[in-house]
Amino acid sequence: MAGARDGDIYCRMNRIYSSVLALGVVVGCGNDGSQSPTTQVTAATGGNLSTGGAASTTGAQATTGGASASATTSTATGGNNTGGASSTASTATSSATGGKSSTGGLSSRGGTSSTATPSTGGAPASGGNGASGGTHATGGGNSTTAPTGGASTATGGRTAVGGASSAGGTGGATATGGSRSSGGSSSAAVKVCSVPSTLKDASACNGKLIGTALAQGQLSNSSYTAAAREFNYATPENEMKWDTVESYQNNFNFGPGDTIVNFAKQNGMKVKGHTLVWHSQLPNWVSSLSTASAVRSAMVNHITKVMTHFKGSIYAWDVVNEAWDTPSKKGDGTATLRASVFKNKIGDGFIDEAFQAAKAADSSALLFYNDYSTEGMNDKSNAVYNMVKGMKERGIPIDGVGIQTHIGTPNDTPTAAEVKQNIDRLAALGLQVVISEMDVNGCDGYTADSMAAIYHDIVAACVSQPLCTAITVWGISDSGSWLNSFSEAGCNGKQATPLLWDGSYKKKATYNSVMKALTGS
Ligand code: XIL
């Protein structure tokens, strides 16, 4: 197990969060020309001449009040410090604070938690309250768009990512330059909505599903169910795993799963089945099978019977879970297919076979591969990327990839920019991506604010990609989190604080930050 306090985590944390504190830092990535624009807007209202791709002379450079304006004071970075060669920070008034976390370029997180209050330098410059230009800028100046217009909802540039999928937000009351202009091939504007009163209403703003893991044992708790009703997507935390469903060979127990499905139906929630083929929570009788044909027929029988039972009630299935392994639980080091009875007896082809059996059992459910420490850019996520790319090329019926997003010990702590990059490359294969089990390990020493920022930025990374279709958090209240009993998380008896509600079902800063990200702010 990777140590909780090794240099890697701290380096990466520094990478993320020291920048939050570094005002006006310029770390432009330069306009490296790696992305070419496929569309170019030359007269976007309010957004000026924003964006275009790398080859464009526009982009951040031409954005009034945007990235090409040089910072003149160390604190002036309002909103539009969206990376780029000469970018960062508009000139600004002394009150500008937006983008304080931005560093331009690849890891730019400008404006993430920023606000760029009453507008900032440059003529109609960048954003007003709520401006967050550059939140997800990751590609230097290629495609960033600075908000303009100084209106209170300016968010231009929020989703810019180096051209490939750039898109700005709206630029204010009348300004729409950010949202129209885009330099990339898969542009999509993030819609900005006022913050409603439930998560599911917030998720509707940008057409996402917002999910939680549901535990049968908690459904008698009215505080729990009230919070659960905020979601429109549910994953049974344990009730559809092999050790529950088929603890004896060919003897199925669907009761717990049915309970979750019924609760979901009564409350208008879609259900993600979890999970069909996994090395863990697997009964001994499966692990003890000794021949390839015995394992194959047990696997296919399990997939077929379980999917047939739940057919019509399940929107998507995690067909294979956690098949990849690396020496570090953070996803670094040579990735190999994990030893399991499936891999050991059937061979690497068990994954293809599982997806084929799943498709045959229920052709209407979406079929996902799901794994942890595969959110950012690392050896493990590269392995998953290459695997699913190959599956697509071979015609294996896979619809998407789940990135679990258990952030922190013992798992990876990726930057939001990396997550965005990984989500976008998977989407470019034509696959859906979902954040499938998000929590942030509070026992790692995060503050309430830093946890809220992590939630915000990672959820926003999903919101900015049209093919990122769902965000699921792994539980409801902190007291019910699995991290309280997961020894590797290092909570050691302390109350874990990884979720959106505290142990008394009070909404936390993380809840508010997810609301904001879903509504484009
Ligand atoms: C966890 C559950 O939350 C716990 O209740 C259970 O004891 C162990 O499994 N990755 C997954 C989930 O895919 O199924 C795991 O859920 C958490 C890690």
Side-chain angles (χ1 to χ4, degrees), residues 1-2 211-219 221 224 228 231 233-247 256-257 259-260 271-283 286 302 306 314 316-326 329-331 338 340 342 351 354 358 367-375 380-381 384 400-414 433-444 470-491 495-501 503:
M1 179 188 68
T212 189
L214 286 181
Q216 180 192 213
Q218 303 247 42
L219 293 178
N221 175 343
Y224 179 91
F231 295 89
Y233 201 25
T235 304
E237 188 169 352
N238 290 295
E239 292 75 359
M240 292 186 191
K241 291 174 179 173
W242 199 315
D243 61 353
T244 296
V245 169
E246 192 191 2
S247 55
T259 301
I260 300 292
V271 181
K272 186 177 203 205
H274 176 80
T275 176
L276 294 164
V277 180
W278 188 25
H279 68 279
S280 185
Q281 295 183 265
L282 185 68
V286 187
H302 181 79
V306 176
I314 301 283
W317 272 102
D318 286 330
V319 178
V320 176
N321 198 31
E322 301 181 355
W324 285 94
D325 200 13
T326 45
K329 284 212 164 189
K330 296 188 224 320
R338 179 191 304 279
S340 72
F342 308 108
I351 298 174
L367 305 180
F368 279 82
Y369 175 78
N370 193 51
D371 215 328
Y372 67 89
S373 290
T374 51
E375 298 78 27
K380 195 169 174 185
S381 72
V384 169
V401 174
I403 49 175
Q404 291 186 5
T405 320
H406 294 293
I407 301 294
T409 305
N411 299 331
D412 197 18
T413 308
V433 184
V434 294
I435 290 176
S436 57
E437 307 183 8
M438 187 164 185
D439 51 26
V440 181
N441 184 352
C443 300
D444 269 356
I471 299 116
T472 290
V473 293
W474 205 241
I476 293 180
S477 87
D478 286 342
S479 53
S481 166
W482 75 301
L483 294 180
N484 288 304
S485 47
F486 179 46
S487 59
E488 293 173 65
C491 293
Q495 162 86 70
T497 56
L499 292 167
L500 309 187
W501 281 264

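Each ligand, and each atom within it, is numbered from 1 in the order the structure gives.
Looking only at protein heavy atoms, the nearest one to atom 8 (C) of ligand 1 is Q281 OE1, 3.4 Å. Of the protein's non-hydrogen atoms, the one nearest atom 3 (O) of ligand 1 is E237 OE2, 2.5 Å. Counting only heavy atoms of the protein, atom 6 (C) of ligand 1 lies nearest to N238 OD1, 3.3 Å.
Among E322, Q404, K241, H406, the residue whose heavy atom lies closest to atom 15 (C) of ligand 1 is K241.
In this structure, H274 has its ring center closer than 6.0 angstrom to the ring center of W474. Between H406 and W482, a ring centre-to-centre spacing shorter than 6.0 Å is recorded.
Near H274, with a cut-off below 4.0 Å to any heavy atom, the atoms of ligand 1 are 11 (C), 12 (C), 13 (O), 14 (O). Under a 4.0 Å criterion applied to the non-hydrogen atoms of E437, ligand 1 contributes the atoms 10 (N), 11 (C), 12 (C), 13 (O), 17 (C), 18 (C). Residue-ligand proximity, N321 to ligand 1, at heavy-atom distances under 4.0 Å covers atoms 11 (C), 13 (O).
A salt bridge links D325 to R338: at least one charged side-chain nitrogen sits closer than 4.0 Å to a carboxylate oxygen.
With T212 as the fixed residue, the side chain to side chain contact (heavy atoms under 4.5 Å, CB included) test singles out one of L500, I471, V473: V473.
Contact annotation: for D318 versus ligand 1, there are no heavy atoms closer than 4.0 Å. No part of Y372 comes within 4.0 Å of ligand 1, judged by heavy-atom distances.
N484 and S479 make their closest contact through ND2-O, 3.3 Å (heavy atoms, listed as atom of the first residue, atom of the second, distance).
A 4.5 Å side-chain heavy-atom check between S477 and Q218 finds every atom pair outside the cut-off.
By the 4.0 Å heavy-atom criterion, W278 is counted among the residues contacting ligand 1.
Remark: F486 CZ to T409 OG1 distance equals 10.0 Å, nearest 0.5 Å.
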